[in-house]
There are 2 protein chains.
Amino acid sequence: METTKTARTRNRRGEGGRLRDEIVAAAVALLDESDDERAVTLRSVARRAGIAAPSIYAHFPDQPAIMLAVVRSGFAELEQTLRAAADSTADPVPRLLAVCRAYLDFARERPQRYRTIFGGLWKPAADASVTDDDLRGLGDGALGLLAAALADCVAVGASTCDDPGSDAVALWLGLHGLAHQRAVTRAFPGPPGIDDRMIAALARLATVIHVAPRNAGSSSD
Amino acid sequence: METTKTARTRNRRGEGGRLRDEIVAAAVALLDESDDERAVTLRSVARRAGIAAPSIYAHFPDQPAIMLAVVRSGFAELEQTLRAAADSTADPVPRLLAVCRAYLDFARERPQRYRTIFGGLWKPAADASVTDDDLRGLGDGALGLLAAALADCVAVGASTCDDPGSDAVALWLGLHGLAHQRAVTRAFPGPPGIDDRMIAALARLATVIHVAPRNAGSSSD
DNA sequence: GTGTTAGTTAACGACTGTTAGCTTAAGCCG
DNA sequence: CGGCTTAAGCTAACAGTCGTTAACTAACAC
């Protein structure tokens, strides 16, 4: 599977650091296609990147450090995806909906990566280079986007939240539960329309939603 | 740490199967105290149970099979806990609340086990004895309890669910998101009162809750 | 004693993260 | 052009772990 010996041309003099990105990309690729985080070992990443295992140590102090980089890149990608969704509309309710759906889509399209990012496995084993501090506040950007979108809905009276801060967290937790369950069991669709039902309930949206009802509900209005 | 050589007395003639439970118990103990699922290896379980590694093969065909047993026992314990909570009251709303809180407590008191049970890691690697079928419908008992409690709330008019089946799943997913996040980051309390807020929103409870408000909200009603 | 059950020891092949030390080639300078 | 330096990456090897198999031993029941 990984026996493609493409004889990687080595980097130019000043650009050795370029390999760092290739290593992370290899780890991400490995993670995405193996649905088992344990498949992402230092050596398998090296094989995938077409380099020798010890070459990794020039760019990462540890094996957990590779995972941390993967997680960081995952969060960055998520945040960027959500931002794009938020920028697609100015209308508060469709916007909140777009952000939420983008979140769920992100998780559905990269189940393993989602699980790894939010799964917290990959031990910070005390002797590892990854400290507990490296993990703090990793999802804050994404949560902030969600909170802002929800606040806008409250501002125009589309949401009856009396505590938007708490409800933004609650909304995220709900999305996370749904996304994680789908990422774990793969093909757990849930009842049809569950996505929008949860979003509407947690965001306390007053009006009924029919903005591109992906998983069409049964409301024959 | 596991060097306690208590010189396990071996089982009597017909009771060899008793070791099976000890193995599962050892795996559970190991899981609970190590916050890393990968620490539960066939050999570490054997060490913990005070037996030689190959002795496990008399009771489990595989290493994944041990994990499956752990997961099964976890679900059984969860279901039993929820059932006890459900039996504590007859009043629908406090009952639903009790079940939900019991769920969250279960997860909070056994974060690693919760993560393992619902985390879906521990690969069913095609050549393993654990088939995809062994995993299907594992949490159905717990979900059923939740659905029944919610349905009772709907019946007495305390919940405005128009689709109790979907909303039971939604409620569970919300609880799962909250429970999982706490299990992952360990000491993510969330905003105060978030538990009851989520429950109330997802269960579409009409009346405000102040039944033993554990994480007292700020409502100065 | 004899057979069976409950367990053992020894060993295999494969994999892991990590270290030490070597090779290759790019780029500068004369 | 040729030589030197140094960055980029390699090979070999370590100590340890893993899951699993084969073959052996010890105790109980008859």
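Letters A, B, ... are given to chains in the order of the sequence lines, protein chains preceding strands, and every chain is numbered from 1. Computation of the quantities below employed the complete heavy-atom set of this structure, encompassing side-chain atoms and omitting hydrogens, waters and symmetry-equivalent molecules. Everything numeric here is computed off the predicted structure, so don't read it as measured data.
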*Asks:* Identify, with sequence neighbours excluded, every residue that meets side chain to side chain contact (heavy atoms under 4.5 Å, CB included) alongside A:P54.
*Replies:* A:A52
*Asks:* Are B:H180 and B:F188 close enough that their ring centers fall under 6.0 Å?
*Replies:* no
*Asks:* Decide yes or no for A:I66 and A:V24: does some side-chain heavy atom of the first lie under 4.5 Å from some side-chain heavy atom of the second?
*Replies:* no
*Asks:* For B:L42, report the nucleic acid contact type (base, sugar-phosphate, nothing); a contact means any heavy atom under 4.0 Å.
*Replies:* base
*Asks:* Please give, in whole Å, the distance from D:dC18 C1' to A:R38 CZ?
*Replies:* 11 Å
*Asks:* At their closest point, which heavy atom of A:L171 faces which heavy atom of A:A203, and how far apart are they?
*Replies:* CD2-CB, 4.3 Å
*Asks:* Would you mind reading off the distance between A:H59 atom NE2 and C:dG17 atom C1', rounded to a whole angstrom?
*Replies:* 17 Å
*Asks:* Between A:R8 and A:A49, what is the shortest heavy-atom contact and its length?
*Replies:* CD-O, 3.3 Å
*Asks:* Roughly, in whole Å, what's the span from CD in A:Q63 to C1' in C:dT19?
*Replies:* 17 Å
*Asks:* Specify the separation, in whole Å, of atom CD1 of B:I56 and atom C1' of D:dT21.
*Replies:* 15 Å
*Asks:* Nearest whole angstrom, please: distance from the P of C:dA26 to the CZ of A:R18.
*Replies:* 14 Å
*Asks:* Which ranges of DNA chain D pair up as stems, where a stem means three or more consecutive Watson-Crick or G-U pairs with both distances under 3.5 Å?
*Replies:* C:1-30 with D:1-30
*Asks:* At their closest point, which heavy atom of B:M198 faces which heavy atom of A:G174, and how far apart are they?
*Replies:* CE-N, 3.9 Å
*Asks:* What is the distance, to the nearest angstrom, from the CD atom on B:E22 to the C1' atom on C:dA6?
*Replies:* 12 Å
*Asks:* Sequence neighbours left out, what passes ring pair (Phe, Tyr, Trp, His ring centres under 6.0 Å) with B:F75? Give chain and number order.
*Replies:* B:F118
*Asks:* Sequence neighbours excluded and cut-off under 3.5 Å, please list the side-chain donor-acceptor pairs for residues 81-88 of chain B, or say none.
*Replies:*
unit_1 : atom_1 : unit_2 : atom_2 : d
B:T81  : OG1    : B:E77  : O      : 2.9
B:R83  : NH2    : B:E79  : OE2    : 3.0
B:S88  : OG     : B:A85  : O      : 2.6

*Asks:* List, with names and distances, any nitrogen or oxygen atoms from the protein found under 3.5 Å away from nitrogen or oxygen atoms belonging to nucleotides 27-30 of chain D.
*Replies:*
unit_1 : atom_1 : unit_2 : atom_2 : d
D:dA27 : O4'    : B:R10  : NH2    : 3.4
D:dC28 : O2     : B:R13  : NE     : 3.3
D:dC28 : O2     : B:R13  : NH1    : 3.3
D:dA29 : O4'    : B:R13  : NH1    : 3.4

*Asks:* Going by heavy atoms in the side chains, are A:R72 and A:D134 under 4.5 Å from each other?
*Replies:* yes
*Asks:* Just the rounded figure in Å: distance from C1' of D:dT21 to CG of B:D62.
*Replies:* 14 Å
*Asks:* Find the distance B:Y57:OH to D:dT21:C1' and express it as a whole number of Å.
*Replies:* 9 Å
*Asks:* Taking N or O atoms only and anything under 3.5 Å, show me the protein contacts with nucleotides 11-17 of chain D, one pair per line.
*Replies:*
unit_1 : atom_1 : unit_2 : atom_2 : d
D:dA13 : N6     : A:R43  : NH2    : 3.4

*Asks:* Does a nitrogen or oxygen in the side chain of A:R8 sit under 4.0 Å from OP1 or OP2 of D:dG9?
*Replies:* yes
*Asks:* A:Q63 and side-chain contact (heavy atoms from CB on, under 4.5 Å): which single residue from A:L42, A:V130, A:L68 fits?
*Replies:* A:L42
*Asks:* Would a 4.5 Å heavy-atom cut-off, applied to side chains only, mark A:L146 and A:Y103 as touching?
*Replies:* no
